[in-house]
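Since the structure comes first, as structure tokens, the remarks are kept for the end.
When reading the values below, keep in mind they use all heavy atoms of this one structure, side chains included, and skip hydrogens, waters and symmetry mates. Residue indices begin at 1 and follow the sequence shown.
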Amino acid sequence: MRSGTEVANALRAICTAAETLSASLPPDDTLFLSRLLHVDPEAGSIVIAWSTSKDANLAILASRRVAFTFNHEGAHYEFLATEPHETDHGGQPGIQFAFPDALLVLHRRAHQRYAVPPQVPLSCEISLGPIAFDAKVVDISLNGIGAIVYDASIRLEPGMMLRRTRIIQPRGRPAVVDLEVRHISRIVLPDGRAAHRAGCRFIG
């Protein structure tokens with residue numbers, strides 16, 4: 001998860017839920033357990049409360065970067081925090097870090113994804129204002145979550161709704177659906193060309 005908005009929303013959710021954050025710190029794998037106090041993407045920072053262990057707090061402050069993990073609503077999250085220093089938030093002592101660049105989210109899929117076989121290609125005709133482009137459907141699940149691959153020069157953002165997308169089938173009439181963009185990653189195609197892969201929810 002690399003969108004600043006998505007990262008901020010996820011961190012605010014775990015802040016509200018008071019989920020436990022953990023980190024294992026060198027040199028003796030000291031365990032740091034705490035929770036998020038404040039998330040401020042505009043200021044480019046987050047604040048994590050002091051733990052109950054003085055040694056763990058000192059180990060955090062002595063680290064250049066810290067890998068935190070936590071669980072929330074059935075998913076496992078990890079993020080890298082840098083630039084730790086002491087601070088105070090609402091009268092509570094804490095440690096401030098730079099806002100994370102990304103979150104790693106691991107979860108079990110409720111429905112299996114099925115790769116689209118090469119002999120049954122599915123392509124999308126997508127219109128985005130004055131821009132029209134083609135994409136390839138590479139997988140989809142029974143609950144309508146799937147992925148498309150498209151040219152690296154096209155700029156999409158998580159949260160975008162791609163209205164009246166035409167999915168062209170080898171046989172039969174095109175299917176017209178809306179696509180809600182969930183997340184985007186950069187990939188390299190087998191021929192060496194750069195491309196984008198977008199996870200989408202197929203609506204309708």
Side-chain angles (χ1 to χ4, degrees), residues 1-113 139 141 143 145 147 155-160 180-188 194 196-201:
M1 185 184 293
R2 296 189 180 276
S3 160
T5 300
E6 283 191 316
V7 171
N9 289 340
L11 291 178
R12 284 174 176 143
I14 71 122
C15 187
T16 300
E19 303 285 13
T20 299
L21 276 67
S22 66
S24 181
L25 303 161
D28 303 315
D29 291 329
T30 301
L31 184 62
F32 178 90
L33 296 173
S34 187
R35 61 184 182 86
L36 264 175
L37 290 179
H38 186 59
V39 178
D40 192 343
E42 289 77 20
S45 65
I46 61 173
V47 178
I48 295 176
W50 284 108
S51 79
T52 57
S53 167
K54 181 179 179 181
D55 289 342
N57 294 332
L58 293 175
I60 285 278
L61 293 171
S63 301
R64 295 180 59 186
R65 57 183 188 173
V66 181
F68 286 103
T69 66
F70 62 93
N71 295 309
H72 180 63
E73 294 185 347
H76 176 79
Y77 292 76
E78 298 180 9
F79 68 92
L80 196 63
T82 61
E83 304 173 27
H85 62 269
E86 293 184 53
T87 189
D88 179 275
H89 178 73
Q92 185 171 352
I95 304 172
Q96 181 173 304
F97 295 88
F99 190 82
D101 292 329
L103 285 179
L104 175 66
V105 188
L106 305 173
H107 58 86
R108 294 180 178 177
R109 288 174 174 159
H111 296 269
Q112 182 179 347
R113 291 277 187 93
D139 66 45
S141 67
N143 66 335
I145 301 297
R155 298 293 300 272
L156 300 180
E157 296 290 340
M160 277 186 172
E180 179 189 10
V181 180
R182 294 289 190 87
H183 56 82
I184 297 169
S185 59
R186 191 175 179 85
I187 63 172
V188 177
H196 283 130
R197 177 188 174 102
C200 299
R201 184 164 67 100

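Under the 3.5 Å distance criterion, the side-chain polar atoms of Asn57 are left unmatched by any main-chain donor or acceptor of Trp50. The closest donor-acceptor contact from the side chain of Ser34 to the backbone of Ala49 lies under 3.5 Å.
A distance of 12.5 Å separates CD1 in Ile60 from CG in Asp55, rounded to the nearest 0.5 Å. With values rounded to the nearest 0.5 angstrom, Met1 atom CE is found 9.5 Å from Leu104 atom CG. Note that CZ of Phe79 and CG of Leu103 are 7.0 Å apart. Values are rounded to the nearest 0.5 Å. Rounded to the nearest 0.5 Å, atoms CG (Asn9) and OG (Ser3) are 8.0 Å apart. Note that CD of Glu42 is 8.5 Å distant from CZ of Phe99, once rounded to the nearest 0.5 Å. Annotation: the span from His72 atom NE2 to Glu19 atom CD amounts to 5.5 Å, rounded to 0.5 Å.
Side-chain atoms of Glu78 and His76 include a donor-acceptor pair closer than 3.5 Å.
When every heavy atom of Ile95 is checked against every heavy atom of Pro84, the shortest pair comes out as CG2-CB, 3.9 Å. Here the closest non-hydrogen pair linking Val66 and Ala23 is CG1-CB, 3.6 Å. Across all their heavy atoms, Pro100 and Val7 have their closest contact at O-CG1, 4.1 Å. In terms of heavy atoms, Arg65 sits closest to Thr82 at CB-CG2, 3.7 Å. The nearest pair of heavy atoms linking His89 to Leu37 is NE2-O, 3.8 Å.
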So Leu36 and Leu11, side chain to side chain contact (heavy atoms under 4.5 Å, CB included) or not? Walk me through it.
CA-CA 8 Å; Leu36 264 175; Leu11 291 178; 4.0 Å; yes
I would like to know whether Leu80 and Asp101 meet side chain to side chain contact (heavy atoms under 4.5 Å, CB included); could you show each step before the answer?
CA-CA 8 Å; Leu80 196 63; Asp101 292 329; over 6 Å; no
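Among residues two or more places apart in sequence or in another chain, the side-chain hydrogen bond (donor to acceptor under 3.5 Å, both in side chains) test is passed with Ser63 by none. By the side-chain hydrogen bond (donor to acceptor under 3.5 Å, both in side chains) test, Arg201 is found to be paired with Glu180, residues two or more places apart in sequence or in another chain being considered.
Annotation: side chain of Ile48 is in contact with side chain of Phe32 (closest heavy-atom distance under 4.5 Å). You'll find the side chain of Glu86 reaches within 4.5 Å of the side chain of Leu61, heavy atoms only. Side-chain contact between Leu21 and Thr69 is absent, with no heavy-atom pair separated by less than 4.5 Å. Between Val39 and Ile14, the closest side-chain pair of non-hydrogen atoms is not below 4.5 Å.
In Gln92, the CD atom is crowded: over 12 heavy atoms of neighbouring residues, nucleotides or ligands sit closer than 6.0 Å. By the neighbour-count criterion of 12 heavy atoms within 6.0 Å, atom CZ of Arg2 is sparsely surrounded, having that number or fewer from other residues, nucleotides or ligands.
A parallel orientation is assigned to the rings of Phe70 and Tyr77, their planes being inclined by less than 30° (bins at 30° and 60°).
Under 4.0 Å is where a charged nitrogen must lie from a carboxylate oxygen, and between Arg197 and Asp139 at least one such pair does.
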